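A note on names: the letters A, B, ... follow the listed sequences, proteins ahead of strands, and every chain is numbered from 1. Only a predicted model underlies this, so the values are computations on that prediction, with no experimental measurement involved.
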Amino acid sequence: MDPNYDPQKIETKWQRRWEESKLFDADAEPGRRKYYVLEMFPYPSGALHMGHVRNYTLGDALARYMWMKGHNVLHPIGWDAFGLPAENAAIKHGRDPADWTFSNIDVMREQLKRLGVSYDWRRELATCTPEYYRWNQWFFLRMFERGLAYRKKSWVNWCPQCATVLANEQVLPSGTCWRHEDTPVVERELEQWFLKITDYAEQLLDDTQELVRWPDRVLAMQRNWIGKSLGTEVDFVVPELGEPLRIFTTRVDTIFGCTAVFLAPEHPLVSKLISHSKDPEKLRAEAERIKASAVRARVEVDLEKLGIATGFTARNPYNGELVPVWLANFILMEYGTGAVMAVPAGDQRDFDFCTKYGIPVRPVVAPLDRDLPEKLEAAYTDYGRLINSGPYTGLKSEEAIERMTKDAETKGFGKVTIQYRIKDWGISRQRYWGTPIPVVYCDGCGIVPVPDKDLPVLLPKGVKPTGEGISPLAGVPEFVNTSCPKCGGAARRETDTMDTFIDSSWYFYRYTEPNISTAATSGPAIEYWFPVDQYIGGITHATLHLIYMRFFAKVMRDIGLVKFSEPVARLFTQGMVLKDGSAMSKSKGNVVDPTEMFAKYGADTVRVYVLFAAPPERDFDWSETAIEGASRFLARVHRFVSRYADRVRSVPPQATGEGKWDLAQLALEERHLLRKAHQTLRHVTEDMEGRWHYNTDIAMTMELVNELTDLDEAIETGKVRSAVLRTALEYLVLMLSLFAPHIADELWEGLGHSEPTLRVAWPAFDPELAAEEELEMAVQVNGRLRGRIRVAVDVGEEEIRRRAQSEESVVQHLNGRQVVKIIVVPQKLVNIVVK
RNA sequence: GCGAAAGUGGCGGAAUUGGCAGACGCGCCAGACUUAGGAUCUGGUCCCGCAAGGGGUGGGGGUUCGAGUCCCCCCUUUCGCACCA
């Protein structure tokens with residue numbers, strides 16, 4: 001190791017200087033164009049992980065570039081600083097959740113500073129403050145006024161490990177908690193507060209079209225999650241009760257093939273059916289059995305289809321036919337009307353069920369180009385032409401759906417309906433550590449919102465969280481017992497707290513002015529900084545935070561706080577950092593500690609490695625051997641630049657404000673060097689403008705270093721003059737400063753500058769210098785590479801044709817054959833087509 | 001089942017609009033300097049072949065003077081959603 005290159009020393013030195021000089025100031029010059037870079041809100045779990053390091057390194061490179069390009073850059077940092085893990089950890093360690101959270105923030109802040117991330121640290125924000133509570137509660141009350149926050153008793157997902165309710169979005173496909181992948185979620189029936197995100201389902205779906213700079217993957221996931229489907233509601237009638245039974249279908253064209261009606265076990269009609277049954281006790285017992293086996297919170301993956309006939313029938317309004325009513329365990333009460341028509345010939349699930357229970361199968365839709373077999377082996381689920389469908393026989397499915405729906409509307413037994421898969425957002429949490437929901441319950445007045453002037457409702461101090469599943473606040477009489485804001489009588493406070501996804505739904509507005517106390521956010525600041533130009537984070541929040549925050553934006557627009565509907569112009573989902581092929585996690589014991597890496601290699605090396613290993617959107621596997629390459633590269637740069645620093649310092653600075661180089665005055669080696677420097681600068685500049693394949697940027701700067709080493713002799717002997725060398729070195733250092741800022745500032749100082757790189761304007765590349773003067777063109781014969789010619793850049797096409805055909809290695813392949821045509825691709829290649 | 005992304009050397013990856021496949025790095029091989037090398041430097045490294053040459057971007061077909069890139073079919077992997085009617 002080079003004794004003069006000590007990354008630790010260099011990094012400590014510059015981190016101190018940066019902090020003293022308050023380098024990064026978003027409000028530097030109000031007139032400048034703005035750029036808002038945002039990394040996803042981290043949860044202070046106690047330490048940075050490599051995913052964080054990647055996230056911040058990406059954002060920092062972009063922030064530095066935009067700053068040097070002359071933008072005002074807002075690059076804030078904040079902490080999603082309360083929630084279940086804080087409380088669980090506090091219970092475990094017997095500490096106050098607040099202390100635990102804040103001491104973790106301190107640890108993580110130091111690590112980020114150690115990484116050298118260019119935040120404006122004066123804009124730091126944490127959500128566990130009375131002021132943040134106030135505005136969370138303020139938002140809740142505005143939604144309550146608009147009917148967007150409501151309370152209802154419902155079956156909810158419950159994580160026994162968290163001992164609290166989870167939103168649908170927080171339940172993993174495996175039926176487990178998003179924080180405890182080994183804990184199955186169970187259902188409980190509780191009184192809960194909900195936000196009416198379903199009111200915005202259509203907008204959330206429509207506006208995805210606006211998000212042209214979001215990854216398709218995320219938009220697809222969101223559209224899928226919203227799950228809009230257009231269909232028809234049809235009223236069957238149960239003659240025995242004289243009651244209508246409404247079903248929902250997307251395939252009303254198959255309704256003549258309906259041979260049964262299936263009800264969800266929880267369907268409201270079930271209790272009536274039981275009481276009117278000939279043998280109520282038997283039916284009740286069987287219904288209970290079906291209910292017990294039903295689809296629950298996505299826990300069952302391969303559920304056996306079970307059902308029972310109720311003994312009742314329903315009349316199909318299209319053909320007057322009476323079909324049996326069944327209870328079936330695979331019918332979901334939450335979707336549609338909780339009742340479906342069974343068309344075994346047109347739906348595979350219905351087919352399986354009906355075959356099992358001997359319910360008849362009647363084909364009603366056949367493929368356009370062939371007949372269905374005599375006995376169906378499986379349902380035919382595609383569109384086709386209608387058969388056995390009374391007056392609609394012969395129509396195509398599409399026309400039939402339209403005509404049949406219209407007829408239902410005319411005759412009053414059905415209508416067009418839109419169904420969404422997304423459900424309202426349950427925000428009640430039975431935990432201590434969160435924003436109290438600001439309502440009181442009064443025996444006389446019912447649910448009464450806390451008036452704005454009494455906000456914030458704060459958490460009582462000194463409560464020992466038990467983790468036992470009852471809201472801890474319920475055990476604090478001083479908190480619970482209050483007076484009704486309306487009548488003044490005795491009342492009880494709500495003891496649940498809010499989901500912390502509320503906090504993360506609007507934090508990035510508050511960054512623009514983190515300390516205002518007169519409003520949640522301030523209009524002019526938002527006007528200037530929004531939309532967020534670039535949001536960077538993992539894909540994990542595609543259907544969580546990224547949908548909630550879009551919902552919040554629309555509510556904020558309707559309240560009048562903002563004028564736009566979509567707050568984030570561009571989203572970037574970075575890949576994960578893996579270890580041995582799987583995500584790093586404490587339970588797997590494959591965590592790479594960034595602090596150790598900083599100590600071993602230095603932060604610059606870690607940054608360069610993380611960026612160089614793969615394009616940022618892709619997952620990559622952490623490798624201890626590959627990081628050595630990054631370390632060697634930086635050491636080489638340091639060695640080379642230091643070696644010539646003295647010589648270069650003696651000539652005036654070149655990188656900023658230089659005059660044009662006179663090509664004719666340059667030696668061959670000088671031209672080579674300047675060309676490479678400008679080509680590299682061109683590549684990095686263009687890439688920073690949006691492609692962000694930082695791995696190729698670093699590769700290009702490595703090539704520049706290789707070019708410098710190759711020219712070492714010419715440099716040593718002075719054939720490459722100091723002024724030219726200075727330019728190349730300065731460009732190199734400035735480009736490096738995006739990725740490895742500490743070493744860059746150290747070298748920059750060595751080159752004779754007193755200001756850090758962040759104070760330098762990003763240099764413009766010179767297209768003329770970057771262009772090749774002479775280039776090698778490939779010569780192909782019938783598309784196969786046969787030779788190469790060296791030509792001047794500005795040579796004419798005729799000359800190229802002539803040269804290509806006379807090139808020795810090409811001539812033997814032409815072999816006297818007839819030249820059909822010659823294709824010349826300027827600056828690239830020549831293809832001679834022969835017969 | 002529905003939706004999305006991807007498949008290139010021993011490895012990570014490059015090739016931005018169809019134009020010299022394998023940049024850059026890791027690893028490996030050889031050499032130099034060394035008491036030493038886990039430091040540094042130099043050279044080599046897609047496959048077959050002594051060579052000329054041939055083959056080559058998951059497989060098959062197509063468009064084109066020319067395809068990793070565009071079109072069609074198939075295979076594989078990853079991710080998301082899912083008894084959603």
Side-chain angles (χ1 to χ4, degrees), chain A residues 1-2 173 215-225 227-229 231-232 247-251 254 262 264 294-295 298 300-305 328-332 334-343 346-350 352-353 381 419-422 539-540 542-543 576 608-609 612-615 617-621 623-630 632-633 635-636 639 683 686-687 690-691 693 695-703 705-706 709 712 776-788 812 820-834:
Chain A
M1 183 53 68
D2 187 339
D216 287 342
R217 188 158 57 128
V218 173
L219 295 179
M221 281 165 74
Q222 293 208 353
R223 290 185 187 122
N224 223 312
W225 188 260
K228 177 180 179 174
S229 52
T232 314
I247 60 104
F248 172 76
T249 179
T250 54
R251 290 296 304 275
T254 64
F262 296 159
V295 181
R298 295 185 251 162
E300 290 289 337
V301 180
D302 283 314
L303 182 80
E304 193 199 349
K305 289 182 177 52
N329 64 344
F330 64 96
I331 304 300
L332 305 169
E334 312 89 81
Y335 188 78
T337 60
V340 304
M341 63 173 191
V343 183
D347 184 292
Q348 193 54 45
R349 294 157 302 175
D350 295 349
D352 295 343
F353 187 93
T381 56
Q419 281 294 333
Y420 297 95
R421 205 193 69 102
I422 192 169
I539 187 81
T540 41
T543 51
M576 283 189 299
V608 168
Y609 171 64
F612 183 64
E617 67 274 12
R618 206 177 302 184
D619 290 351
F620 83 93
D621 213 70
S623 142
E624 194 80 9
T625 51
I627 196 174
E628 301 278 356
R632 277 201 287 262
F633 167 62
R636 260 178 88 201
R639 205 162 40 237
H683 183 277
E686 286 171 357
D687 194 70
R691 201 174 74 125
H693 281 196
N695 54 331
T696 65
D697 299 343
I698 292 170
M700 286 289 284
T701 54
M702 285 173 171
E703 284 185 54
V705 174
N706 291 347
T709 351
D712 201 20
E776 205 173 50
M777 290 179 73
V779 182
Q780 297 178 335
V781 176
N782 285 350
R784 294 182 163 273
L785 182 67
R786 297 303 182 189
R788 297 166 192 286
Q812 44 181 304
V820 180
K821 67 170 151 177
I822 300 177
I823 290 133
V824 178
V825 183
Q827 322 224 342
K828 295 245 161 92
L829 57 70
V830 184
N831 191 10
I832 302 170
V833 185
V834 297

Query raised in the report: If you check every side-chain atom of A:Asn224, which of B:G27, B:A23, B:G80 has the closest atom?
Result: B:G80
Query - Dot-bracket encoding per residue of RNA chain B, Watson-Crick/G-U cut-off under 3.5 Å, | denoting interstrand - result: (((((((..(((......[....)))((((((.......))))))(((....)))..(((((..]....))))))))))))....
Query - B:C41 OP1/OP2 closer than 4.0 Å to side-chain N/O of A:Arg639 - result: yes
Query raised in the report: Across the strands shown, which category fits A:Arg217 at heavy-atom distances under 4.0 angstrom: base, sugar-phosphate, nothing?
Result: sugar-phosphate
Report task. For B:C26, take OP1 and OP2 only and decide whether either is under 4.0 Å from a side-chain N or O of A:Arg632. Result -> yes
Query - Among B:A4, B:G54, B:A82, the nucleotide that comes nearest once only the side chain of A:Arg786 is considered - result: B:G54
**Report entry** Whole-Å gap separating C1' (B:C24) and CD1 (A:Ile698)
**Finding:** 10 Å
Requested in this report: Can you tell me, in whole Å, how much space there is between the P of B:G38 and that of B:C28?
Outcome: 10 Å
Report summary line: Among B:C24, B:A82, B:C84, the one nearest any side-chain atom of A:Trp225 is B:A82
Report task. Would you indicate which nucleotide in B:C26, B:C20, B:C24 comes nearest to any side-chain atom of A:Thr625? Result -> B:C26
Query - Proximal nucleotide (of B:G3, B:C65, B:A85) relative to the A:Leu332 side chain - result: B:A85
Query raised in the report: Which nucleotides of nucleotides 6-18 of chain B have their base under 4.0 Å from a protein heavy atom (B), which only their sugar-phosphate (S), and which neither (-), written as one string 5' to 3'?
Result: ------BSSSB--
Query - Selected nucleotide, minimal atom distance to A:Glu703 side chain, candidates B:C26, B:A23, B:A85 - result: B:A23
Query raised in the report: Do A:Phe262 and A:Phe353 make the cut of ring centroids closer than 6.0 angstrom?
Result: yes
Query raised in the report: Base, sugar-phosphate, or nothing: which does A:Gln780 touch, judged by heavy atoms less than 4.0 Å apart?
Result: base
Requested in this report: Name all residues meeting the side-chain hydrogen bond (donor to acceptor under 3.5 Å, both in side chains) criterion together with A:Asp350; count only those two or more places apart in sequence or in a different chain, and write none if there are none.
Outcome: none
Query raised in the report: With a 4.0 Å cut-off on heavy atoms, is A:Gly629 in touch with a base, just the backbone sugar-phosphate, or nothing at all?
Result: sugar-phosphate
Requested in this report: Look at the side-chain N and O atoms of A:Arg636 and state whether any lies under 4.0 Å from the OP1 or OP2 oxygen of B:C41.
Outcome: yes
Query - Over 12 foreign heavy atoms within 6.0 Å of CZ, A:Arg636 - result: yes
Report task. Could you check whether A:Val833 gets within reach of a base, just the sugar-phosphate, or nothing at all, counting any heavy atom under 4.0 Å? Result -> sugar-phosphate
